[in-house]
Amino acid sequence: MIEPMSNEELREKIRQVQEIFGLRLVDRLGGKPVPLHTGDAIWYADFDSKQIEPGIIFATIYEDEQLILSLVIFDNNGFYHFEGEALNKSVFKTKSEAISAIQG
């Protein structure tokens, strides 16, 4: 019988899988750093509402070293995908970068 996990145990297992996946991705790219990894925190800047939305990278798709797509789960349980070009335009790696972007 499969024993249920607590939320904390499940989060830790997910973190471990994401870490392993991220390390394998970097390994596959010859040790070259990539801009986003599974499990990274990001902030989406909504320029219309002038608000930022925090999220976590669920998955990334790379072609060679180029970020093609990132899948994000937001804190409000929303799920969205962003083209690679969105990085540093509407998707940011730090909260301060996102705030600076919407303030103009």
Side-chain angles (χ1 to χ4, degrees):
M1 184 167 143
I2 297 174
E3 294 293 321
M5 290 185 183
S6 69
N7 285 342
E8 185 177 309
E9 291 171 322
L10 181 58
R11 283 188 191 102
E12 177 59 21
K13 286 292 182 193
I14 290 170
R15 188 200 62 73
Q16 290 171 356
V17 168
Q18 290 170 335
E19 182 178 332
I20 291 166
F21 180 79
L23 292 173
R24 287 186 180 161
L25 175 62
V26 170
D27 219 26
R28 176 179 246 155
L29 295 175
K32 297 177 182 167
V34 292
L36 291 176
H37 293 93
T38 299
D40 284 352
I42 59 96
W43 283 263
Y44 168 67
D46 185 334
F47 292 97
D48 294 332
S49 70
K50 300 287 187 198
Q51 295 184 10
I52 61 171
E53 185 73 35
I56 301 290
I57 298 293
F58 176 73
T60 55
I61 298 172
Y62 285 88
E63 187 174 293
D64 297 318
E65 298 167 26
Q66 183 70 36
L67 177 64
I68 303 298
L69 192 70
S70 58
L71 305 173
V72 178
I73 298 173
F74 288 100
D75 286 4
N76 66 4
N77 293 322
F79 186 82
Y80 198 76
H81 69 278
F82 294 97
E83 301 291 327
E85 299 90 40
L87 184 60
N88 298 320
K89 293 180 182 162
S90 61
V91 174
F92 298 89
K93 293 175 75 171
T94 68
K95 185 177 182 177
S96 61
E97 290 172 329
I99 290 170
S100 292
I102 62 172
Q103 290 176 345

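Numbering of residues begins at 1 and proceeds along the displayed sequence.
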**Asked** How many angstroms lie between OH in Tyr62 and CG in Leu67, if you round to the nearest 0.5 Å?
**Response** 4.5 Å

**Message:** I'd like to know whether Lys93 forms a side chain to side chain contact (heavy atoms under 4.5 Å, CB included) with Leu36, so could you lay out the CA-CA distance, the side-chain angles of the two residues, the decisive distance to 0.1 Å, and finally the verdict.
**Reply:** CA-CA 8 Å; Lys93 293 175 75 171; Leu36 291 176; 3.9 Å; yes

**Prompt:** Are Ile52 and Val72 joined in one hydrophobic group, where the rule is that I, L, V, M, F, W and Y side chains link up if heavy atoms are under 4.5 Å apart?
**Reply:** no

**Message:** Could you measure the distance from the CD1 atom of Ile73 to the CD1 atom of Ile42? Nearest 0.5 Å is fine.
**Reply:** 11.0 Å

**Prompt:** What's the spacing between Asp46 CG and Glu53 CD if we round to 0.5 Å?
**Reply:** 8.5 Å

**Prompt:** How close do Ala45 and Ala98 get, heavy atom to heavy atom, and via which atoms?
**Reply:** CB-O, 4.1 Å

**Message:** If hydrophobic clusters are built by linking Ile, Leu, Val, Met, Phe, Trp and Tyr wherever their side-chain heavy atoms come under 4.5 Å apart, do Phe79 and Trp43 end up in the same one?
**Reply:** no

**Request:** Taking the six-membered ring for Trp and the single ring otherwise, decide whether the centroids of Phe82 and Tyr44 are under 6.0 Å apart.
**Result:** yes

**Item:** Where Ile56 and Ala41 come nearest, the two heavy atoms and their spacing
**Value:** CD1-CA, 4.0 Å

**Asked** So how far is it from Gln51 CD to Ile102 CD1, rounded to the nearest 0.5 Å?
**Response** 7.5 Å

**Glu9 side chain to Ser6 backbone, donor-acceptor under 3.5 Å** = yes

**Message:** Rounded at 0.5 Å granularity, tell me how far OG1 in Thr38 sits from CG in Leu71.
**Reply:** 8.5 Å

**Request:** Enter the distance from Ile99:CD1 to Thr94:OG1 here, rounded to the nearest 0.5 Å.
**Result:** 8.5 Å

**Request:** Give a yes or no on whether Leu87 and Tyr80 share a hydrophobic cluster (residues Ile, Leu, Val, Met, Phe, Trp, Tyr; joining criterion: side-chain heavy atoms under 4.5 Å apart).
**Result:** yes

